[in-house]
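Order of the sequence lines sets the chain letters (A, B, ...), proteins ahead of strands, with each chain counted from 1.
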Amino acid sequence: MDNIVDYIKTQIETIVSQSVKDLMVKGIFPEFELTGVNVEIPREKGRGEFSANTAMQITKKVGKPPRMVAEEIIKNMKLEDSYIERVECAGPGFMNFYLKKDWLTDALKLIEEKGADYGKINFGKGKRVMVEFVSANPTGPLHMGNARGGALGDCIASVLEAAGYDVTREFYVNDAGNQMEIFGRSLEARFIQEIRGEDAVEFPEDGYFGEDIKERAREYIKEYGQDLIKQPSEIIRKTLADYALEKNLKSIKEALGYYGINFDVWFREKSLYESGAIEDTLNYLKNNGFTVEKDGALWLSAEAAGIEKDEVLVRANGLCTYFAADIAYHRNKFVDRGFDWVINLWGADHHGHVARMKAAMKALEIDPDKLDIVLFQLVRLYRNGEIARMSKRTGKSISLMDLLDEVGRDAARFFFNLKTSGSHLDFDLDLAVSQSNENPVFYVQYAHARICSMLSLLEGEGLRVPLAKEVDFSLLDSKEERELMTKLAELPEEIKSSAVTLEPSRLTRYLMDTAGLFHSFYNACRIKGEKKELAEARLFLAAQTKTVLGNVLRLLSISAPERM
RNA sequence: GUGCCUGUAGCUCAGCUGGAUAGAGCAACGGACUUCUAAUCCGUAGGCCUGGGGUUCGAAUCCCUUCAGGCACGCCA
């Protein structure tokens, strides 16, 4: 067993549905199909550890008022050999389940037994899932959108790993196509300007205006001299683009490293051209009637694919669109590499792309439900109370590295995972820089450091963390102790929920809750100076809390300091 | 104009596969350091869940509509 909450939920489901079936057999309830039993943890205290609303759901089918239905079900339950102590009918017809205390004892024993693995579950059963994220254009440094997508994607990947999936983290390198052209032209212009002066050549209107482009041109000259300028334009562009691309990728990798993100695969768009994958995919679509030709271009047919309007795949000039490459890329993910599930993280400005991507999957006979797109709202940067517009092209953007220098990896990762991906995020730089206690990451880390410091201090006084079998759990009976233990017991279930919803923000909230309950426990329940049995029981609880906080922080790649 | 996202406490947000008295964190106010880390705790106050209508035993949650903000609608990526 790795998830006691899930275990008990299942137990309750079984008991309830068995009771309902028995009532049907006895003729007290009419025959009907029970579609499922909903077991929840009530939000409010004092309503049992779990509750079920089955009676209200089936009240019509039974033909009796919900409270009466609930009473009947409760009367017929067989509670032997379960964690359930008693069941009450409450409110409009809820069944509230009160558990025997040993469920918490067993939960704490589980933490001791699993240690650093506590929280991991086998929900995913080893299913192969790819999480593709960041995938920033390698034409410049990583910006705040990449920062949010990076923290989100990496934590989604980690959550899925903890939930028992076989996870691959992938970065799609857009090293082909139109923006590489623009990249080359921008570099060429800066290169010439660098050598012959600002006015020697006009900078392309749609070019990348960032300082980093000038920087790369200068670096090239420093490294290889000026001879390249004698070459034809085409050669200059290609040479500079290849040179700058690798430089950029290197610094992107470096920044991501500081950010705690390591990709398993860096997939090159160019390889799709070289392997013929794009051509194959286009042929497939053509041969199966999903394309139309008009105005000299090849389009994905709206009618055949079931989308709103036709989308260009191959331009009149013979070059493929990003969309065409992306279809081939996803075919590669599913067909060539056999992933069971693919998750992409896109900025919300790409939402229009979702429907046609899924439609393309369907055309390729790939189940579109196997592709999940997590859209995250873009980050708005505030400085001095004003919106700081971030754009690669203005050259005034704040890069991921700038952010990490200012606020550090821990705060950045925590902050970006504080809110659900769909919510807008205003990032106040002044606040983030201030590193005050307004930043919740300190609150959580402080709890961890506090436990560590307490454990070592008490150990110095001869008080060691006991083994679970030496602990008298009946002594842990205060409100603070019970609430903390309950929270610790819920971690595996919380990981499951995070995996199902693809929302790691649940875990940062879980951390804050757990830290808060620990701080309350710490203030209400002293250890030093108490009788040995009580002191040891509390010490044991503190040690398990440390394990839980440490495990979740580690899962999110946020440090768990021993002292602060 | 069409489509997608968002609207909940002063601020930032949870809750949204319908459930019980709508929850946190900041900020505000009042308390707690001779006692294991006060980066902490305890308490108080704070709400027409944008407005309106519908569905039903029951709606912040589902449906319709209004208003407000963001985004996308290119042979860009």
Side-chain angles (χ1 to χ4, degrees), chain A residues 36 38 40 42-44 46-47 51 53 56-57 59-60 65-66 90-94 96 135-137 139 174 177-182 206 269 294-299 308-323 325-326 347-355 375-378 380 418-426 428 431 435-447 449-458 460-461 463 480 500-501 503 505-506 509 512-513 515-516 518-530 535 538-539 542 563-564:
Chain A
N38 237 339
E40 288 175 346
R43 208 154 312 225
E44 301 283 321
R47 289 174 182 161
S51 82
N53 63 354
M56 291 179 287
Q57 286 179 326
T59 181
K60 269 188 182 164
F94 289 98
N96 290 345
S135 298
N137 281 341
T139 50
N174 300 126
N178 197 47
Q179 96 270 339
M180 271 296 118
E181 295 293 316
I182 299 171
D206 60 350
E269 182 182 0
K294 65 177 181 196
D295 306 330
L298 184 72
W299 308 65
E308 278 186 24
K309 56 187 173 74
D310 296 343
E311 296 290 341
V312 177
L313 294 168
V314 182
R315 300 187 193 101
N317 64 10
L319 295 176
C320 289
T321 59
Y322 174 86
F323 184 39
D326 216 15
D349 53 342
H350 288 67
H351 69 78
H353 195 50
V354 175
L375 294 173
F376 56 92
Q377 296 293 326
L378 294 182
R380 238 183 340 192
L418 209 45
K419 286 152 197 182
T420 53
S421 49
S423 72
H424 297 268
L425 180 59
D426 292 337
D428 185 336
L431 182 72
Q435 294 211 4
S436 67
N437 62 348
E438 284 169 29
N439 196 333
V441 67
F442 294 114
Y443 183 78
V444 173
Q445 290 181 321
Y446 181 61
R450 204 176 209 187
I451 298 171
C452 292
S453 134
M454 182 173 76
L455 292 184
S456 71
L457 188 126
L458 291 176
E461 296 183 10
L463 199 54
E480 287 81 7
V500 169
T501 57
E503 284 291 0
S505 60
R506 299 185 76 105
R509 259 176 276 127
M512 289 191 285
D513 289 348
F518 173 76
H519 287 309
S520 297
F521 158 75
Y522 178 89
N523 277 274
C525 307
R526 299 199 56 80
I527 294 175
K528 203 174 159 183
E530 295 289 350
R538 286 177 173 170
L539 199 58
R563 64 184 62 223
M564 286 174 78

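Comparing B:A68 with B:A28, their P atoms sit 34 Å apart, to the nearest whole Å. To the nearest whole angstrom, the two C1' atoms, one in B:U6 and one in B:C13, are 12 Å apart. With C1' as the reference atom, B:A9 and B:A22 are 11 Å apart, rounded to whole Å. Going from the C1' atom of B:G18 to that of B:G58 covers 8 Å, rounded to whole Å. Spacing between B:A14 and B:U50 at atom P, rounded to whole Å, works out to 14 Å. Taking atom P on both B:U40 and B:G7, the two are 29 Å apart, rounded to the nearest angstrom. Look at the P atom in both B:G52 and B:A39: the space between them is 47 Å, to the nearest Å. Of the C1' atoms belonging to B:G54 and B:A72, the separation is 31 Å, rounded to the nearest Å.
What separates CD of A:Q377 from P of B:G70 is a distance of 12 Å, to the nearest Å. Atom CG of A:L458 is separated from atom C1' of B:U37 by 12 Å (rounded to the nearest Å). Rounded to an integer number of Å, the gap from CD of A:E311 to C1' of B:A72 is 12 Å. One interatomic measurement links the two molecules: NZ of A:K60 to P of B:C57, which rounds to 4 Å at whole-angstrom precision. Regarding A:E269, its CD atom lies at a distance of 13 Å from the C1' atom of B:C76, rounded to whole Å. Between A:D206 atom CG and B:C75 atom P the separation is 16 Å, expressed in whole Å. Summarising the geometry, the separation between CG on A:D349 and P on B:C76 is reported as 17 Å, rounded to the nearest angstrom. Here the C1' atom of nucleotide B:A77 and the CD atom of A:E181 are 13 Å apart, to the nearest Å.
When distances are taken from the side chain of A:H519 to each of B:A77, B:U40, B:C36, the shortest belongs to B:U40. Candidate nucleotides B:A77, B:C75, B:A72 were compared by shortest atom distance to the side chain of A:V312, and B:C75 ranks first. Closest approach to the A:N523 side chain among B:U40, B:A39, B:C75 is made by B:U40 (side chain taken as heavy atoms from C-beta onward). Nearest to the side-chain atoms of A:R450 among the listed nucleotides B:A77, B:U37, B:C41 stands B:U37. Checked against B:C75, B:A39, B:C36, the side chain of A:I527 finds its nearest nucleotide in B:C36. Of the candidate nucleotides B:C76, B:A39, B:A20, B:A39 has the atom nearest to the side chain of A:F442.
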Which atoms of nucleotides 11-17 of chain B (N or O only) lie under 3.5 Å from a protein N or O atom, and what are those distances?
residue	atom	partner	partner atom	Å
B:U12	O2'	A:K419	NZ	2.3
B:C13	OP1	A:H424	O	2.7
B:A14	OP1	A:T420	N	3.3
B:A14	OP1	A:T420	OG1	2.2
B:A14	OP1	A:S423	OG	3.4
B:A14	O2'	A:R509	NH1	2.8
B:G15	O2'	A:R43	NH1	2.8

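Side-chain contact check for A:E311 versus A:T321: every heavy-atom pair is 4.5 Å or farther apart.
Here A:K528 pairs with A:E461 under the salt bridge (charged side-chain N to carboxylate O under 4.0 Å, His left out) rule; sequence neighbours left out. A search for side-chain hydrogen bond (donor to acceptor under 3.5 Å, both in side chains) contacts involving A:S51 returns nothing, not counting sequence neighbours. The side-chain hydrogen bond (donor to acceptor under 3.5 Å, both in side chains) test applied to A:R47 returns no partner, not counting sequence neighbours. Scored by the salt bridge (charged side-chain N to carboxylate O under 4.0 Å, His left out) test, A:D310 finds A:K294 as partners (sequence neighbours excluded). Partners of A:Y322 by ring-ring contact (aromatic ring centres under 6.0 Å, His included), not counting sequence neighbours: none found.
In this structure B:A45 sits in no base pair that meets the Watson-Crick or G-U test at under 3.5 Å. Across the strands present, B:C26 finds its partner in B:G10; the criterion is a Watson-Crick or G-U wobble pair with both atom distances under 3.5 angstrom. Look at B:U40: its Watson-Crick or wobble partner, with both distances under 3.5 angstrom, is B:A32. Nucleotide B:U21 has no partner under the Watson-Crick or G-U criteria, as no pair reaches both atom distances under 3.5 Å. Both distances falling under 3.5 Å, in either a Watson-Crick or a G-U wobble arrangement, occur for no nucleotide opposite B:U61. If you check B:C73 for Watson-Crick or wobble pairing at under 3.5 angstrom, you find it paired to B:G1.
Remark: A:Y443 is in phosphate contact with B:C41, judged by side-chain N or O atoms under 4.0 Å from OP1 or OP2. Contact between the side-chain N/O atoms of A:R315 and the OP1/OP2 oxygens of B:C76 is found at a separation under 4.0 Å. Between B:A39 and A:Y446, a contact under 4.0 Å exists linking OP1 or OP2 to a side-chain N or O.
Among the heavy atoms of the strands, none lies under 4.0 Å from A:C452. When heavy atoms are screened at a 4.0 angstrom cut-off, A:N96 is found touching base atoms of the nucleic acid. Across all strands, A:Y522 comes closer than 4.0 Å to base atoms (heavy-atom distances). The residue A:N53 sits close to a base: some heavy atom pair falls under 4.0 Å. Residue A:D326 is classed as having no contact, given no heavy-atom separation below 4.0 Å to the nucleic acid. Contact annotation for A:L457: backbone-only contact, meaning every heavy-atom pair under 4.0 Å involves sugar-phosphate atoms and none involves a base. Base engagement by A:A449 is indicated by at least one non-hydrogen atom pair under 4.0 Å involving a base atom.
In this structure, A:N38 and A:L455 both approach RNA chain B, and ranking their closest nucleotides by distance from the 5' end singles out A:N38. When each of A:K294 and A:P66 is assigned the nucleotide of RNA chain B bearing its nearest heavy atom, the one mapping closer to the 5' terminus is A:P66.
Regarding the sugar-base torsion, B:C33 falls in the syn class, its angle being within 90° of 0.
In terms of modelled atom types and a separation under 3.5 Å, the side chain of A:R538 and the main chain of A:R526 share a donor-acceptor contact.
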Subject >> Step-by-step side-chain contact (heavy atoms from CB on, under 4.5 Å) determination, A:M180 to A:T139 >> reply: CA-CA 8 Å; A:M180 271 296 118; A:T139 50; 4.1 Å; yes
Original post:
Between A:E503 and A:S421, does a side chain to side chain donor-acceptor pair (under 3.5 Å) hold up when you go through it step by step?
Top reply: CA-CA 7 Å; A:E503 284 291 0; A:S421 49; 3.2 Å; yes
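The two atoms that bring A:E530 and A:A535 nearest to each other are O-CB, 4.1 Å, heavy atoms only.
The base of B:C71 lies close enough to the side chain of A:H351 for a donor and an acceptor atom to sit less than 3.5 Å apart. Between the side chain of A:T321 and the base of B:A77 there is no donor-acceptor pair of N/O atoms closer than 3.5 Å.
Both tests hold for A:R450 against A:Y522: distance to the six-membered ring centre under 6.0 Å, angle to the ring axis within 45°.
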